[in-house]
Amino acid sequence: MAAGLSGKQFVIDYLNQLKLKPSKNFRQFWNDLEYQHGRRAIAPLKEAMSQRNPGATTNDIYVLKNQNLKLSLDFAKYSADLYRRFFDWLVARPHPQAGRLLDVGCDNGIVTCFIASLFPESEVVGVDIEPRAVACAEELANRLGLTNVRFFQSDVRQLDTLLDARSFDRILSVRSFHEMLGEVSEPPRHWSTQELLGRSVEAGHLHLLRMMRNLLRDEAAELITFERLPWLASAAMWADELKQAGLFVDWAQAEFIAFQEVGENQEMPVFVCRTTPSDCAILEGVYRLYGAGSAAALMAGAEYEDAEAEALFYRIESKQFLSGIQIDFPEDTQMRYELWQTESSPVLYQYTNVGNRKLNVLSVGDLETAMRDFEVTLPAHYQNQGFKVKTYHEQVQRGEK
Ligand SMILES: C[S@@+](CC[C@H](N)C(=O)[O-])C[C@H]1O[C@@H](n2cnc3c(N)ncnc32)[C@H](O)[C@@H]1O
């Protein structure tokens, strides 16, 4: 980074050079593209975007948007704020030495060239399967006058035949692994995230991740992965896949990066991994990340949902099970209500085997009514609707039906 330039200013200057300003919303995004490049050029791209479904491995979009660098950069306005927030995170990290860096799934090189500009002493390599993306990346590097970056076209799965083992200090994937490995699908049925850990990982995933590990130089080397992981369970499963390939998330550095994408608020977790095991277990790590509010601060009347509810519930250290009921809905969907006593107040934890979670913090005075609800009102409510209801007075073991 040029002397005296603050990290944030460096990011702003870089994005300005690329004229990367975020689009306010979808309409503005497409209107601007049509205005700049003509309706005829944009129509197939619009079509490819609308047909894009989760799990699709089509590279159509990357072929179409990378017809030339101008179009490629204009299209990147979709993600301009994502780049800005990720770069802000990157420049704020301590960088003892930049060394040699690999950007996998580099596309048009926006991230790769940023790193190369940030670390002029380093050697940066970008790789992408799509030849037009690589051509745009090369043109971008030339335009920016960068001499420490090179790009090549390859399927990342073949990198071990092209690159030397233990030759990189950093590997970076910005939204790329989950495109190479198939987009994240809904997690299988589970009552708690713990049930999803230690499962066997697809051979193709393990092969790719082990190859990444082999490219890392030493124990100080890092793999940074910033992917779309929509659920707590998918973040945990991703960390578990990495772990099974010998890449361990450093949970102290894991965090969410929030950004706007065509007007929508989004956030994605960023993981820094190393080849040596981390002190913190995956479950503890994800619960810390998703339940960032302290469990000690549980306030009577508070209500938490989804990942935060699960994370907070499991982070309550001292709690005693009081009572529970399980309701069986059609198609093997089940829900449990459980009442627990914590050191400060009773809590009601409601969870299903299909991912819903809710945590209500009750006041001490609510306990008697809540117990009565468990014995009478709740079972009657669901039985009257024809559902099977089971009351239990001992904590169910994980996964138990
Ligand atoms: C969502 S884009 C991310 C691009 C870039 N990292 C960024 O954030 O600007 C995913 C990229 O991965 C590339 N890709 C998908 N499968 C690949 C593979 N098997 N090998 C190399 N690149 C791949 C695509 O061509 C695409 O450019």
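Bear in mind that the values here come from a model prediction, so they are computed numbers and not experimental data. Atoms within a ligand are numbered from 1 in the order they appear, just like the ligands themselves.
Scanning all heavy atoms of the two residues, the minimum distance from Asp164 to Leu215 falls at O-CD2, 3.4 Å.
Which parts of ligand 1 touch Arg157 is read off a 4.0 Å heavy-atom cut-off, strictly below it: atoms 19 (N). Atoms of ligand 1 lying under 4.0 Å from at least one heavy atom of Ser154, given by number and element, are 20 (N), 21 (C).
Contact annotation: Ala133 has no heavy atom less than 4.0 Å from any atom of ligand 1. Residue contact annotation: Asp155 has a non-hydrogen atom under 4.0 Å from ligand 1. Ser79 does not count as a contact of ligand 1, since none of its heavy atoms falls under 4.0 Å from the ligand.
For Phe313 and Tyr287, the ring centers are positioned 6.0 Å apart or more. The ring of Tyr349 has its center no closer than 6.0 angstrom to the ring center of Phe321. The ring of Phe271 has its center no closer than 6.0 angstrom to the ring center of Trp238.
Ion pairing between a basic and an acidic side chain is recognised when a charged N comes within 4.0 Å of a carboxylate O; Glu222 and Arg274 show such pairing. Here Lys319 does not pair with Glu338 in a salt bridge; the nearest charged N to carboxylate O distance is not below 4.0 Å.
At least one N or O atom of Ile129 sits closer than 3.5 Å to an N or O atom of ligand 1. Ligand 1 has a nitrogen or oxygen under 3.5 angstrom from a nitrogen or oxygen of Val156. Backbone and side-chain nitrogen or oxygen atoms of Asp128 are examined, and one is located within less than 3.5 angstrom of a nitrogen or oxygen of ligand 1. Remark: ligand 1 and Glu179 share no N or O pair separated by less than 3.5 Å (distance only, no angle test). Backbone and side-chain nitrogen or oxygen atoms of Cys106 are examined, and none is located within less than 3.5 angstrom of a nitrogen or oxygen of ligand 1.
Taking the ring axis of Trp191 as reference, the NZ or CZ atom of Arg336 stays within 45° of it and closer than 6.0 Å to the ring centre.
Among Phe177, Tyr62, Phe86, the residue whose heavy atom lies nearest to atom 2 (S) of ligand 1 is Tyr62. Of the candidates Arg175, His178, Met180, Arg175 brings a heavy atom nearest to atom 8 (O) of ligand 1.
With hydrogens and angles disregarded, a donor-acceptor distance shorter than 3.5 Å links the side chain of Gln385 to the backbone of His381.
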